[in-house]
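Input: a single structure, listed below in structure tokens.
Please read all numbers here as calculations on a predicted model, not as lab measurements.
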Amino acid sequence: MESEEFVPPPECPVFEPSWEEFQDPLGYIAKIRPIAEKSGICKIRPPPDWQPPFSVELDNFHFTPRIQRLNELEAETRVKLNYLDRIARFWEIQGSSLKIPHIERRILDLFSLSKIVTDEGGFEMVCKERRWARVAQRLGYPPGKNIGSLLRSHYERIVYPYEMFQSGASLPHCKPKHYDGEDVDKEYKPHSIPLRQSVQPSKMSSYGRRANRCQPDPEPTEEDIEKNPELKKLQIYGAGPKMMGLGLVARDKGIRKKEKQIEGGTSTLQLPPLSVTVKKEKPELDVKENDEEDDRPCTKMTMRLRRNLNNPQCVDSFVCRMCGRGDDDEKLMLCDGCDDNYHTYCLLPPLGDPPKGSWRCPKCVAECKKPTEAFGFEQATREYTLQSFGEMADTFKADYFNMPVHMVPTELVEREFWRLVSSIEEDVTVEYGADIHSKEFGSGFPMINGKRKLTKEEEDYARCGWNLNVMPVLEQSLLCHINGDISGMKVPWLYVGMVFSAFCWHIEDHWSYSINYLHWGEPKTWYGVPSVAAEQLEEVMKKLTPELFEFQPDLLHQLVTIMNPNILMAHGVPVVRTNQCAGEFVITFPRAYHSGFNQGYNFAEAVNFCTADWLPAGRSCIEHYRHLRRYCVFSHEELTCKMAASPEKLDLNLAAATHREMFIIVQEERKLRKSLMERGITEAEREAFELLPDDERQCDKCKTTCFLSALACSNCPERLVCLHHTQDLCSCPTEKLYLRYRYTLDELLAMLHRLKVRSESFDSWANRVKEALEQEEGNKIGIDDLEMLKNEAAEKKFPDNELLRKLNTVLKNIEHCTCTYVMLCFSESKMTLAELKSLVEMMQNLPCVISQLEEVQAVLRTVEEYQSRAQVLVTEREWRRDSPSPEQLQTLLEQGSDLPVVVPECSLLQGLKEQGHWLAEVRRTLGTEGGERQEVTLDVLRNLMEAGCNVPQSVSVETAMAELQELLTIAERWEEKAQICLEQRQKHPLSTLEAIVNEAQLIPVQLPNILALQDSLTRARAWVTDLEEIQNGEHYPCLDDLEGLVAIGRDLPVYMEELRQLELQVASAHSWKDKASKTFLKKSSQHSLLEVLCPCAKRRERRNELEPLEDPLDDSDTNTLGLSAQDLRDPAVVAFKEGEHQEKEALLRLQKLNINRPCTTAPQSVCVCTRQPRAPQLRCHLCKDWFHGGCVPFPSVLPSSGPINPLCWWDWDSRFLCPQCQRSRRPRLETILALLVALQRLPVRLPEGEALQCLTERAINWQGRVKEVLDSPELQQALQKLQELKETLHWEAEKEEDMKKQTEGSSVIVLSDSEGGEGDDGVIDLTEENSPKKNTTESNDVVSLLPLVPLLKGQVVELSPATRLRLEELQLEGDLLEVSLDQTHIIHRVLQASSDPPRETLHTLIQVRKKARASTRSRGPRISGRRWMDLYYCCHSEF
């Protein structure tokens, strides 16, 4: 059946002792025992500051761990594995291998299948009754899938032959039948648990104390011990109880025992027949125990050399294992399993003819029916250090869970552990360093053993009772009365764990307590069962796995078997769990079964201890061991008698418990000895059993260690039995038997009596204490007598009891009275009257005489007299209505200060004094003492109110408090009103606020909010005055002034109608300013509107002086302006004109400087990027400075605006203005005039508006001068000539196109518009005269003009020098204007036509455009450069 999800059991109790409780370890464990014992185990968390240092010497710590195969630990899984091994062995004998089939994607449980079929009546009955479906259902398979027939097939093929063989029936030679799924089944590899682990946990191993005691091994000889270092260790450290079976014996004695065993075994040897076995027979003795076979290959029925047991030489003959003869070779058969020889007629029954195929001898056949032997852990072959083991453990866990070890949840590890131990398929092996001797390798706790010097902190931990080296030998622990070190019980054992390493279900030796401390590492998971359910757990495990307990009745004592807690809980066994983290203790109680596993790499230490309440459980454990024939670790009777021999060393609880235990032992011993007397055994001799090794005083029958008595035989000196098994000693006559005893009955009774006296000595002491504590006045005893009673209790180790606590309380009270008296008489600090009265009362009630009582009573009388005088003063004067005079109060206060006690009336008088001072302060504050009222603050009033609450109350105080409260309430109310007005949530008119301030000024209190409101009113009146002055001025107010008034007005908590009007005026001014900025400023411009509109005279000067600039484009500094905003606050046309003149002069100087600095030789930086000159680059038309082609935008040569004929090169746009010269978008004059109209409607003066008016006036004046020049005859003639030439060139181009159409049909000349064009796809048709795309015809491909540039010829028109100079001057002034004017383009055309073509400039511009459009794709035919040259020559020749 599939394993269900593991459900964690409930948690065990967890205790957290205080530091006081932690000081007494065994006392605290006794305190929590009633609660914790119900769970079997509990966890104790020490106080956080208790952190013992880890004291193991890491360099010398080496250990060999045990090997644990997880699925062999679990009882039910081990039974299944043993069963599968036997089946595999059976089929191996038959010459086949075992392959376990899979059904429904899980392995078939052959053991459960066999068990269920047996429960249903056997194979024949299940087949006859057709119960295979029911078998499948019991195995957990889903119904309706014909699984029953599969189970029948597998059972008949695999299990049935083995079951028939087990039953003893004869079967023909068979092999498993082949089935369809056999090829995919995995071959079963036998675990060979009996072969690997049949050897008991040897006495040389580190866990010998818990080894099986049922079948003792032969005692080792001296030679064995010398050869085995582990036996030598146990010989040193395992003296006394730890030397079970390891006593030194003579070698010949050991040989004689072995010979006896061989003789006895040989005499009863019977071999089973070939195919029939008898279950009750023991396996035959292998007489070739010491034989050694050659490794040479041999075949069946051939000779093989063998060594004789008595002859070391080789004998060339076969020997039959039955008759010992080597004759009759024809009838001699060789076993295929062990290569032994048998005559056919020597077998039982004899064989007529040799069988065909493989043949197995009776011994090999019996192997698969051999009972499972004792189970134990193997020892690993590798020795580890803590570091190497930790690296291995962490690597294993990280690889297994595929995550860092600290991230694996404990719940996941727990579920996976119980899944693995129940799995037959998965074999996971781990290693566990368990039961490591701390005496050899050192404890994890500090120890005072002289090996090294300890620090102060280590010494404290070394003496602490929670140190596991100290706890077993504490005075309250019974183990301190056992001589010698019992490893694991008195001396701790160490445990180094890794993930999944487990400790199986067990109880401690002698059902003692155990305590486990986890020094460091990952948690250890525990499971516990209370002692009341111990037998129930044993019954459940025996019921579920009877195969294991059949041959190992004390299997649970071997620490090798585990069972899932969920299975135990399902059968009614109460189980608890806990996770023990580092620094925590886990306590297990007597006969409490516990088990668990490690979550990961950790280091723990454990030891046993016994308390007085354990004695009955220890005696029951001995009875249990006697029934199981299990060895004892120590003698319970010896321990009890040793404690009884020295009752004065025992505390009362232990003495009483020992008396009860001793009484039962004596009664039982008397009864047993009486039975011997009745049998006629009268001989006896005294024997000091404690001086004998444990193995020489063990009962031959039950293995109990004898101490009080034993029965021996003079004819059998090597044997003895306890008095419970006197019939099992020997068959010798009764007169040969004699009693060996340790004490006589009288001596035992005397010991019992001394215990009784010890336990009853408490009664005498208690009576004397009661009498002393109940003495009345006149019969009281001295303090020394009480001290003697206390010392007697300590000497006799009486337990903690009520009388002792009362006695200690009385002595503490005496000490307290003495100390208080000293403090009263000699200390500067005073006690209260109540303490003085309590001291007197305590002294009077003490059961002893106190000499200081009279002095203390005198002090009390003095204090009472002072109280009466103070009361008279207060009562006569009726202080609640009128305070006493200050002189009387001061006199009484001085007298009270001299008393050694704090008198309550002193506080009352002091309060009256403070009351008078307070009333005087109130009168001064309110001006009621004849003076004028003074203005006070709110804080003064509040402080007076607070002080008035602390003085004693009277009519005067209450009246003054009421007056103060009324004044404070009124003041706070006006403060609240003023605060509301100041918060500006709703502004109030000026008149309302003035009324509030005027009314509040009548209150004689300084109110901060009223003062602040008054200040706001003053500022509001000043604001109104400033506004009236500005509005009544000669000119409109400036924007800056209005914005300042708006900002001030908004901050005032006063409602003013004028403020709203000012806000609207300021908003309209900002709206106009935004429109002007959008009109003039470029996108992301670094200039302000005022900077653009004003002349840039100072900027020109700086450029002229070649001052270095961080940002050449940055004109934001107001100092760079020729005119500032302040200059434009008043009409200052003269200043603007002066700025124009300065700007022009600065530009001329800059031009001259830049012209004299050639681009090719100038070493300094150029352009806006301030880098070295590089091609392509171009001069600015205005400032004559050089700029790179990729840094600033260059003109497009053929502008997209207006019809431009490419043949009219003087119309080409080659005029380049740098970003420093053209700082704005330069709107048209019409747009500027619209802004001026909007400006006239504003009642506000703006610096930008003044600048815009000056700029407009400057542009209009420039237009007038240009018009005057252009209207001259010379320029009119030049313009007419240019127009005629343009028309001629246009006509020739159309004529050429018409000829092209006639020859080639209708053709289209497509020019790509570099500026985007106006068409939908950038294609312009030159053949359509009336097409809307005709306007963009002139926007031809600039690149196609490149071949035409070298052929351009100069001066189309001629101008006089004066006219040219005049035009150039006008062009300079026009370029300085931040306005777009048509006259600027006309002047440029005329000047360009009257000059030589600027070929270099045009070539540079075309190259720049070519690079910018290199990625642009051509869209149709274009006019080639050659065609343009033809047209150009044709037109010029005609012209």
Side-chain angles (χ1 to χ4, degrees), residues 53-70 73 196-197 199-211 228-238 242 376-397 429-447 449 451-452 468-469 485-504 506 514 516-522 524 558-560 580 582 596-608:
F54 187 62
S55 302
V56 168
E57 297 182 4
L58 302 180
D59 296 336
N60 300 329
F61 193 86
H62 301 270
F63 65 97
T64 302
R66 305 175 188 171
I67 297 176
Q68 292 182 335
R69 293 169 174 82
L70 297 185
L73 297 178
R196 284 191 290 102
Q197 298 172 322
V199 179
Q200 293 297 304
S202 66
K203 307 304 180 293
M204 71 185 70
S205 69
S206 61
Y207 56 102
R209 175 168 65 86
R210 293 177 175 143
N228 195 319
E230 289 294 332
L231 289 179
K232 294 179 68 176
K233 291 179 183 178
L234 286 177
Q235 182 185 6
I236 297 173
Y237 299 123
K242 292 301 155 183
F377 291 121
E378 302 173 76
Q379 292 294 117
T381 57
R382 177 184 174 183
E383 187 178 63
Y384 287 93
T385 63
L386 279 179
Q387 180 178 355
S388 60
F389 188 84
E391 293 172 353
M392 179 274 296
D394 288 342
T395 302
F396 175 85
K397 183 176 181 180
T429 302
V430 296
E431 299 182 22
Y432 190 16
D435 298 349
I436 303 172
H437 293 276
S438 65
K439 192 166 185 179
E440 180 179 353
F441 297 101
S443 171
F445 291 95
M447 295 177 62
N449 51 15
K451 292 185 178 180
R452 68 182 184 91
L468 299 195
N469 299 280
D485 293 335
I486 306 176
S487 182
M489 292 199 74
K490 288 184 65 177
V491 179
W493 273 347
L494 310 177
Y495 299 85
V496 185
M498 64 178 291
V499 68
F500 299 144
S501 59
F503 51 101
C504 303
H506 70 284
S514 76
N516 185 291
Y517 180 75
L518 189 62
H519 285 279
W520 47 259
E522 299 191 61
K524 187 189 293 285
Q558 309 307 316
L559 289 87
V560 293
Q580 179 191 15
F597 66 93
N598 295 294
Q599 293 276 346
Y601 179 45
N602 56 28
F603 190 100
E605 189 167 352
V607 78
N608 295 104

- Query: Taking the side chain as C-beta and beyond, is there a heavy-atom pair between P492 and H437 under 4.5 Å?
  - Reply: no
- Interatomic distance, CD@E605 vs CD1@I436, rounded to 0.5 Å, equals 10.5 Å
- Query: CD of E57 to OG of S443: how many Å apart, nearest 0.5 Å?
  - Reply: 11.5 Å
- Item | Non-hydrogen atoms of P65 and G433 that approach each other most closely | CB-N, 3.8 Å
- Message: Does any part of the side chain of F445, heavy atoms only, come nearer than 4.5 Å to the side chain of H519, both counted from C-beta?
- Response: yes
- Task: Could you tell me if the ring centre of F603 sits under 6.0 Å from that of F61?
- Result: yes
- Message: Is it the case that the ring center of Y495 lies less than 6.0 angstrom away from the ring center of F503?
- Response: no
- With ring centroids as reference points, do F389 and F63 lie under 6.0 angstrom apart? yes
- Task: Indicate whether any N or O donor in one side chain lies under 3.5 Å from an N or O acceptor in the other, for N516 and Q580.
- Result: yes
- What's the shortest heavy-atom distance between V499 and F396, and which atoms? CG1-CD2, 3.4 Å
- Query: Taking all atoms of both residues into account, what is the closest heavy-atom pair of L518 and A604, and its distance?
  - Reply: CD1-CB, 3.8 Å
- Looking at CG of N60 and OG1 of T385, how far apart are the two atoms once the value is rounded to the nearest 0.5 Å? 11.5 Å
- Task: May I ask you to test the V607-Y517 pair for a side-chain heavy-atom distance under 4.5 Å?
- Result: no
- Query: What distance separates K490 NZ from N608 CG, expressed to the nearest 0.5 Å?
  - Reply: 12.5 Å
- If you take all heavy atoms of M498 and N598, which pair is closest and at what distance? O-CB, 3.3 Å
- Message: Within the structure provided, determine whether V430 and L70 are in side-chain contact (heavy-atom separation under 4.5 Å).
- Response: yes
- Message: Under the salt bridge (Lys or Arg N to Asp or Glu O under 4.0 Å) definition, can you give me all pairs with a residue in residues 385-397, not counting sequence neighbours?
- Response: K397-E522
- Item | Contacts of Y432 that satisfy ring-ring contact (aromatic ring centres under 6.0 Å, His included) - sequence neighbours left out | none
- Quick one: list whatever passes salt bridge (Lys or Arg N to Asp or Glu O under 4.0 Å) with E431, sequence neighbours left out. none
- Query: Quick one: does W520's side chain get under 4.5 Å of F54's, heavy atoms only?
  - Reply: yes
- Please report the closest heavy-atom contact between G442 and L494, naming both atoms and the distance. O-CD1, 3.2 Å
- Query: Can you tell me how far the CZ atom of F500 sits from the CD atom of Q68, to the nearest 0.5 Å?
  - Reply: 12.0 Å
- Item | Stepwise side-chain contact (heavy atoms from CB on, under 4.5 Å) test for Y601 and V496 | CA-CA 7 Å; Y601 179 45; V496 185; 3.9 Å; yes
- Roughly how far, to the nearest 0.5 Å, is the CD1 atom of I67 from the OG atom of S501? 13.5 Å
- S388/R382 under side-chain contact (heavy atoms from CB on, under 4.5 Å): CA gap, chis, key distance, verdict: CA-CA 11 Å; S388 60; R382 177 184 174 183; 3.7 Å; yes
